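Worksheet: the structure to be examined is printed underneath.
Predicted model only: the values in this text are computed from it and were never measured. Whatever order the structure lists ligands and atoms in, that order sets their numbers, starting from 1.
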Amino acid sequence: SIHKDLEEKIARFHQREDAILYASCFDANAGIFEALLTPEDAVLSDELNHASIIDGIRLCKANKYRYKHMDMQDLEAKLQDAQKHRLRLVATDGAFSMDGDIAPLREICQLAQKYNALVFIDECHATGFLGPNGRGTDELLGVMDKVTIINSTLGKALGGAAGGYTTGPKPLIDLLRQRSRPYLFSNSLPPAVVGCASKALDLLMDSNAIAQSMAAKTQRFRSKMTAAGFTISGKDHPICPVMLGDARLAAVMAEDMLNRGIYVIGFSYPVVPKGKARIRVQISAVHSDEDIDRCVEAFTEVGRKHGALP
Ligand code: PLP
């Protein structure tokens, strides 16, 4: 019963009809495309979608289209080409974790309407903190009634370190219960994870204070770092990639930050393209304004020391 209660709560949180739990969002993504799409259908996927979406799509027999990252002209061209198929599904991360950029969901939903397609979003990097009430990218961009299917995780902002789900129309969820292989052929979530996720959703639904404080802290970090002379990729997202370019510079600066008690991660090729090395900073609800200011000061010192700032 605690699993059923959580599924009902997830659906209520996202304002959808029903939800189904998985052991992880990787499983939710692995299970949905094969269950939903046939060789008569088409799936259109952003080229930078998460590996689990790519793997899920690999498992299905639908016709596959890959559009350029957040490129609406390319998506439209692919949608036109896909008109010959029975059903079209556009699949995108709501927010992309490497650059902290947010999918243009308004435009995607307009195109989906024009070309009679369904929209699927992966909200792992949005659930719990994006949008005025933390509902996610669809709330942030005002398209909650236009996105058909949401997959997300209980393991990131909701804090449980495991668990995932699909939420959407009831007939879809009923279908997944009968056909989705990672749901049928694997254990469900441990009760402690269910209890943790359920409490996290209660906190979010009781008040929007956490979501609002995340937006304010994100804005504080991004604007202070920009004023200090750094380039922060993406927009309005608490994943804040400090762009440095050089792989060695990102590594030594991250190490120096750690020496100052600040844990931030340097990323370089092959995780990100060559010449686009960065330090990825993640703002959390438990950071205070003082923590954020101390982080900016440390970045400024370390950046000057290594020549990233004049
Ligand atoms: N989708 C995206 C966009 C992710 O970033 C991740 C995790 O890194 C997943 C899916 C997988 O989520 P989980 O850890 O719940 O399997």
Any non-hydrogen atom of Ser52 lying under 4.0 Å from ligand 1?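 The answer is yes: ligand 1 sits under 4.0 Å from a heavy atom of Ser52.
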
With a 4.0 Å cut-off on heavy atoms, is Ala162 touching ligand 1?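 Distance cut 4.0 Å: Ala162 fails for ligand 1.
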
Approximate separation, where rounding is to 0.5 Å, of Met72 CE and Ile108 CD1: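 Here the rounded value is 4.0 Å.
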
What atoms in ligand 1 come closer than 4.0 Å to a heavy atom of [X]?
| X | value |
| --- | --- |
| Gly163 | 15 (O) |
| Asp93 | 3 (C) |
| Lys156 | 4 (C), 5 (O), 6 (C), 7 (C), 8 (O) |

Angle class for the His50/Phe26 ring planes (parallel below 30°, perpendicular above 60°, tilted otherwise)?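 Answer is perpendicular, since the angle exceeds 60°.
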
List the residues meeting side chain to side chain contact (heavy atoms under 4.5 Å, CB included) with Ile173, not counting sequence neighbours, and say none if there are none.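 Ile173: side chain to side chain contact (heavy atoms under 4.5 Å, CB included) contacts with Asp18, Ile20, Thr166, Leu176, Arg177.
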
Can the ring centres of Phe96 and His69 be said to be less than 6.0 Å apart?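 Distance test on ring centres: under 6.0 Å, yes.
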
What is the closest protein heavy atom to [atom], and at what distance does it sit?
| atom | answer |
| --- | --- |
| atom 1 (N) of ligand 1 | Asp122 OD2, 2.6 Å |
| atom 14 (O) of ligand 1 | Thr153 OG1, 4.3 Å |
| atom 16 (O) of ligand 1 | Phe26 N, 2.9 Å |
| atom 9 (C) of ligand 1 | His50 CE1, 3.4 Å |
| atom 5 (O) of ligand 1 | His125 NE2, 2.7 Å |

Phe299 and side chain to side chain contact (heavy atoms under 4.5 Å, CB included): which single residue from Leu309, Ile279, Asp256 fits?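 Output: one option passes, namely Ile279.
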
Of the choices Ala30, Cys25, Ala95, which has the non-hydrogen atom that lies closest to atom 13 (P) of ligand 1?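 Shortest heavy-atom distance from atom 13 (P) of ligand 1: Cys25.
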
Co-membership, hydrophobic cluster, residues Phe129 and Ile102, 4.5 Å side-chain: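 Yes, same cluster.
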
Test Gln83 against Tyr115 for side chain to side chain donor-acceptor pair (under 3.5 Å), laying out the working first. CA-CA 7 Å; Gln83 287 304 295; Tyr115 293 98; over 6 Å; no

Under the salt bridge (charged side-chain N to carboxylate O under 4.0 Å, His left out) criterion, do Arg58 and Asp55 qualify, and how do the steps go? CA-CA 5 Å; Arg58 276 188 191 148; Asp55 284 6; 3.0 Å; yes

